[in-house]
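Only a predicted model underlies this, so the values are computations on that prediction, with no experimental measurement involved.
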Amino acid sequence: MIRPARSEEIKVLSEVIGASITTLCRADHHDDPDRIKPWVASNSPMTLNSILHDPSQRLFVAEPEAGIVAVGGIDWRHQPDGQGRIRLLFAAPEAQGKGCGRALLAALEEELRAIGRVEARLTATNTALAFYRSQGWQMDDRGGGGWLLGHPLRKRLI
């Protein structure tokens with residue numbers, strides 16, 4: 001089940017993201033604590049709480065019977081008209097390969113469409129690049145993003 005995140009879940013969301021970064025994203029951080037620590041910190045409960053309460057951003061979760069196993073977020077702040085952004089998408093290690101990330105990504109894309117966005121952008125990690133490409137995302141020529149070198153991607157949503 002995909003649904004909006006709730007305030008009382010912020011700590012769990014941060015824990016899911018931290019586990020995903022630490023365990024699944026080794027191709028990006030190479031087990032280097034100096035790369036892991038700021039990445040996990042940038043998804044702290046305080047940061048996620050500010051996203052949850054910002055009217056130009058939304059957080060969603062994938063929650064099958066076992067509890068929350070994936071977290072995704074969108075925003076359209078500072079984006080040109082008609083564009084939105086997948087801000088984050090992380091699955092817990094135990095959910096990898098079970099379709100939760102794919103279902104959550106589809107829901108994030110649909111939410112952007114529902115608010116009138118016709119194109120989405122994101123920056124994929126090395127770990128997630130093949131996943132996004134398999135879901136129809138195309139390379140973008142904008143350049144890398146932030147402190148974590150990534151792969152800029154775009155997708156038409158119509």
Closest non-hydrogen atom pair, [X] against [Y]:
| X | Y | answer |
| --- | --- | --- |
| Q135 | K155 | O-NZ, 2.7 Å |
| S20 | F90 | OG-CD2, 3.6 Å |
| D75 | Q57 | CB-CG, 3.3 Å |
| L104 | V71 | CD2-C, 3.5 Å |

So [Y] and [X], do their side chains get closer than 4.5 Å, heavy atoms only?
| X | Y | answer |
| --- | --- | --- |
| L129 | L153 | yes |
| W137 | E109 | yes |
| L52 | I10 | yes |
| V61 | L13 | yes |
| W39 | T125 | yes |
| I17 | V40 | no |

Apply side-chain contact (heavy atoms from CB on, under 4.5 Å) to R26 and list each qualifying residue two or more places apart in sequence or on a separate chain.
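Residues passing side-chain contact (heavy atoms from CB on, under 4.5 Å) with R26: T23, H29, D31.
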For Q96, all residues meeting side-chain contact (heavy atoms from CB on, under 4.5 Å), sequence neighbours excluded
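Partners of Q96 by the side-chain contact (heavy atoms from CB on, under 4.5 Å) criterion, ordered by chain and then number, come out as L24.
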Would you say that more than 12 heavy atoms from the other residues, nucleotides or ligands in this model lie under 6.0 Å from the CZ of R102, or not?
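Check fails, neighbour count at 12 or below.
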Is it the case that atom CG in D32 sees more than 12 heavy atoms from other parts of the structure closer than 6.0 Å?
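It does: D32 CG has more than 12 such atoms within range.
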Reported [atom1]-to-[atom2] distance for the pair [X] and [Y], which is rounded to 0.5 angstrom:
| X | Y | atom1 | atom2 | value |
| --- | --- | --- | --- | --- |
| Q83 | L112 | CD | CG | 10.5 Å |
| R156 | E119 | CZ | CD | 5.5 Å |
| L88 | I21 | CG | CD1 | 9.0 Å |

Test item: [X] side-chain N/O and [Y] main-chain N/O as donor-acceptor pair under 3.5 Å:
| X | Y | value |
| --- | --- | --- |
| S14 | N43 | yes |
| R117 | G84 | no |
| T123 | H151 | no |
| R85 | I74 | no |
| T22 | A19 | no |

Any chance you could pull the hydrophobic cluster mates of M46, using side-chain heavy atoms under 4.5 angstrom and chaining through other members?
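Direct or chained contacts put M46 with none.
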Taking salt bridge (Lys or Arg N to Asp or Glu O under 4.0 Å) as the definition, give me every residue that meets it alongside E94, ordered by chain and number, with sequence neighbours left out.
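With sequence neighbours excluded, E94 shows a salt bridge (Lys or Arg N to Asp or Glu O under 4.0 Å) to no residue whatsoever.
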Who are the salt bridge (Lys or Arg N to Asp or Glu O under 4.0 Å) partners of E8, not counting sequence neighbours?
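Only R6 meet the salt bridge (Lys or Arg N to Asp or Glu O under 4.0 Å) criterion with E8.
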Are I115 and L89 in one and the same hydrophobic cluster, where Ile, Leu, Val, Met, Phe, Trp and Tyr link if side-chain heavy atoms are under 4.5 Å apart?
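Yes: a chain of side-chain contacts under 4.5 Å links I115 to L89.
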Do V69 and F131 share a hydrophobic cluster (ILVMFWY, side-chain heavy atoms under 4.5 Å, transitive)?
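No, it is not one cluster - the side chains of V69 and F131 are not joined through contacts under 4.5 Å.
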For R133 and M139, what are the C-alpha separation, side-chain angles and deciding distance, and is it a side-chain contact (heavy atoms from CB on, under 4.5 Å)?
CA-CA 8 Å; R133 295 296 305 267; M139 298 304 290; 3.3 Å; yes
Could R3 and E9 be called an ion pair, given the rule that one side-chain N must be under 4.0 Å from one carboxylate O?
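Counted as a salt bridge, because a side-chain N and a carboxylate O are separated by less than 4.0 Å.
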Just by distance, no angles: are the side chains of D28 and T127 close enough, under 3.5 Å, to form a donor-acceptor pair?
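Result is yes, a qualifying pair exists.
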Is there a donor-acceptor contact under 3.5 Å linking the side chains of T47 and S44?
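Result is yes, a qualifying pair exists.
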With side-chain contact (heavy atoms from CB on, under 4.5 Å) as the criterion, how do S7 and H53 come out once you've worked through the C-alpha distance, each side chain's angles and the decisive distance to 0.1 Å?
CA-CA 9 Å; S7 292; H53 291 94; 3.3 Å; yes
According to salt bridge (Lys or Arg N to Asp or Glu O under 4.0 Å), does anything in residues 38-60 pair up with another residue at least two apart or in another chain? List the pairs.
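Qualifying pairs, neighbours excluded: R58-E111.
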